[in-house]
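Sequential numbering from 1 along the given sequence is applied to the chain's residues. Counting convention: from 1, in listed order, for ligands and their atoms alike.
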Amino acid sequence: MLHAVEVDQLSVSYFETTALERLSVRLTSGQLIGIIGPNGAGKSTFIKAIMGLIPAEATSIRLLGQSAKQARTQVAYVPQRSAIDWDFPIRVIDAVLIGCYPQLGLFKRPTKQHRMRARACLDRVGMLDYADRQIGELSGGQQQRVFLARALAQEADLLLLDEPFVGVDAGSEGVIIDLLRVLRDEGKTILVVHHDLSKAADYFDTLLLLNRRIISVGPPQDVLHADLIEAAYGNPLAFLQKVEVSS
Ligand code: ADP
Ligand code: MG
């Protein structure tokens with residue numbers, strides 16, 4: 001079975017902070033996978049490290065059976081909202097066209113065909129009417145949908161989304177999760193960093209529970225287990241009010 005992500009002995013440190021420690025994991029392709037764990041657990045670090053965006057130590061990192069560098073054009077990354085400068089003046093359609101750049105090459109201008117593809121992707125996320133607006137004018141949920149459209153335009157096989165539901169209205173959250181399910185059914189692999197456990201079982205095929213190292217990985221009913229949650233979060237009690245976990 002093909003693994004979309006294969007990581008062996010991944011460690012990442014920021015000065016004196018060890019964010020990830022000898023983490024090894026294999027994630028099967030064609031799944032919708034949630035990466036959960038408390039604040040500061042290293043979820044964003046994990047995504048950035050496998051993308052090769054930050055220095056990391058590892059025996060091996062393979063994405064879609066290739067090195068991160070080889071897989072680059074087949075992997076789409078949507079950073080955490082707080083990491084994006086939303087005042088940057090760019091129109092919605094142009095933000096989506098950036099998704100076509102890996103195929104475009106450096107100095108080629110987008111063709112009519114690329115524009116049509118970008119518009120079709122905006123349509124898929126219900127944002128075609130906003131094509132000519134500035135991205136800074138949109139709501140959080142609308143912005144997230146535009147970034148998803150950009151990932152679609154890239155026609156990536158592996159999507160990495162960091163907290164896509166934070167600061168997003170319920171309507172947009174529904175649109176996004178429905179679309180992620182369709183993409184999964186089309187055979188794509190989608191990794192979603194998600195800190196809210198209440199919907200984790202409903203949203204994901206596989207959960208990866210993380211806190212500096214892997215606490216558990218597997219089907220949600222196995223991972224959302226009181227003792228594992230406690231191992232990751234320290235205190236399961238605050239949590240039990242929000243989510244039903246089996247004990
Ligand atoms: P999460 O996404 O799970 O909330 P992060 O991956 O952002 O966690 O962070 C993991 C740990 O690394 C935290 O202790 C955080 O404070 C630290 N960290 C993250 N980014 C940096 C950075 N650029 N410089 C220093 N420390 C960082
Ligand atoms: Mg994070």
Side-chain angles (χ1 to χ4, degrees), residues 4-27 32-59 61 63 68 75-86 88 140-141 143-148 150-151 158-168 172-173 176-177 180 189-201 203-204 206-218 220 223-225 228-236 238-239 242-243 245:
V5 176
E6 281 186 83
V7 170
D8 282 315
Q9 304 276 325
L10 170 66
S11 298
V12 178
S13 297
Y14 301 100
F15 304 99
E16 71 274 19
T17 309
T18 302
L20 296 173
E21 201 173 1
R22 292 195 301 277
L23 181 154
S24 300
V25 71
R26 282 170 167 53
L27 298 169
L32 192 42
I33 300 157
I35 302 178
I36 56 173
N39 235 328
K43 304 182 297 296
S44 298
T45 298
F46 176 73
I47 298 277
K48 288 185 232 173
I50 64 172
M51 287 281 294
L53 298 174
I54 53 171
E57 240 181 79
T59 320
I61 297 175
L63 303 180
V75 182
Y77 168 55
V78 180
Q80 224 166 317
R81 267 181 57 74
S82 56
I84 298 167
D85 177 7
W86 295 104
F88 188 79
Q143 289 170 340
Q144 202 67 54
R145 281 150 76 169
V146 170
F147 272 74
L148 192 55
R150 184 176 78 175
L158 174 61
L159 278 75
L160 309 173
L161 312 179
D162 199 343
E163 306 259 19
F165 304 122
V166 168
V168 160
S172 286
E173 179 160 342
I176 293 167
I177 194 68
L180 296 183
T189 309
I190 305 152
L191 257 69
V192 182
V193 172
H194 186 71
H195 77 265
D196 168 21
L197 288 197
S198 64
K199 290 182 183 143
Y203 282 0
F204 303 110
T206 293
L207 289 179
L208 195 168
L209 176 61
L210 193 81
N211 195 355
R212 214 163 65 160
R213 54 192 184 84
I214 305 255
I215 308 291
S216 176
V217 56
V223 173
L224 295 174
H225 211 275
L228 294 174
I229 295 297
E230 180 166 14
Y233 286 78
N235 175 13
F239 218 47
K242 275 208 247 160
V243 61
V245 294

Greater than 12 external heavy atoms within 6.0 Å of Glu57's CD: no
Tell me whether ligand 1 is touched by Gly37 - counting only heavy atoms on the residue side and a distance under 4.0 Å.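 For ligand 1, residue contact (heavy atoms, under 4.0 Å) with Gly37 is absent.
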Taking both backbone and side-chain atoms of [X], is any N or O found less than 3.5 Å from an N or O belonging to ligand 1?
{"X": "Lys43", "value": "yes"}
{"X": "Phe15", "value": "no"}
{"X": "Gln80", "value": "no"}

Check against side-chain contact (heavy atoms from CB on, under 4.5 Å), Phe46 and Leu10: CA-CA 9 Å; Phe46 176 73; Leu10 170 66; 4.0 Å; yes
Suppose we measure from [atom] to each protein heavy atom; which comes out shortest, and what is that distance?
{"atom": "atom 10 (C) of ligand 1", "result": "Gly40 O, 3.4 Å"}
{"atom": "atom 7 (O) of ligand 1", "result": "Ser44 CB, 3.9 Å"}
{"atom": "atom 8 (O) of ligand 1", "result": "Gly42 N, 3.2 Å"}
{"atom": "atom 20 (N) of ligand 1", "result": "Tyr14 CZ, 3.4 Å"}
{"atom": "atom 14 (O) of ligand 1", "result": "Thr17 CG2, 3.7 Å"}
{"atom": "atom 6 (O) of ligand 1", "result": "Thr45 OG1, 2.5 Å"}

Restricting to non-hydrogen atoms, name the atom on Ala49 and the atom on Ile61 that form the minimum distance, rounded to 0.1 Å. O-CD1, 4.0 Å
Sub-4.0 Å atoms of ligand 1 with respect to non-hydrogen atoms of [X]:
{"X": "Ala41", "result": "1 (P), 3 (O), 8 (O)"}
{"X": "Pro38", "result": "3 (O)"}
{"X": "Asn39", "result": "4 (O)"}

Taking NZ, NE, NH1 and NH2 as the nitrogens, is one of them in Glu21 or Arg212 under 4.0 Å from a carboxylate oxygen of the other?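 Salt bridge present between Glu21 and Arg212.
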Please work out whether the ring planes of Tyr203 and His194 are parallel, tilted or perpendicular, with thresholds of 30° and 60°.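 Geometry flag for His194 against Tyr203: tilted rings.
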Check whether any N, O or S atom of Asn39, backbone or side chain, sits closer than 2.8 Å to the Mg ion (ligand 2). no
Could you check whether Ser172 and Gln144, counting side-chain N and O atoms only, form a donor-acceptor pair closer than 3.5 Å? no
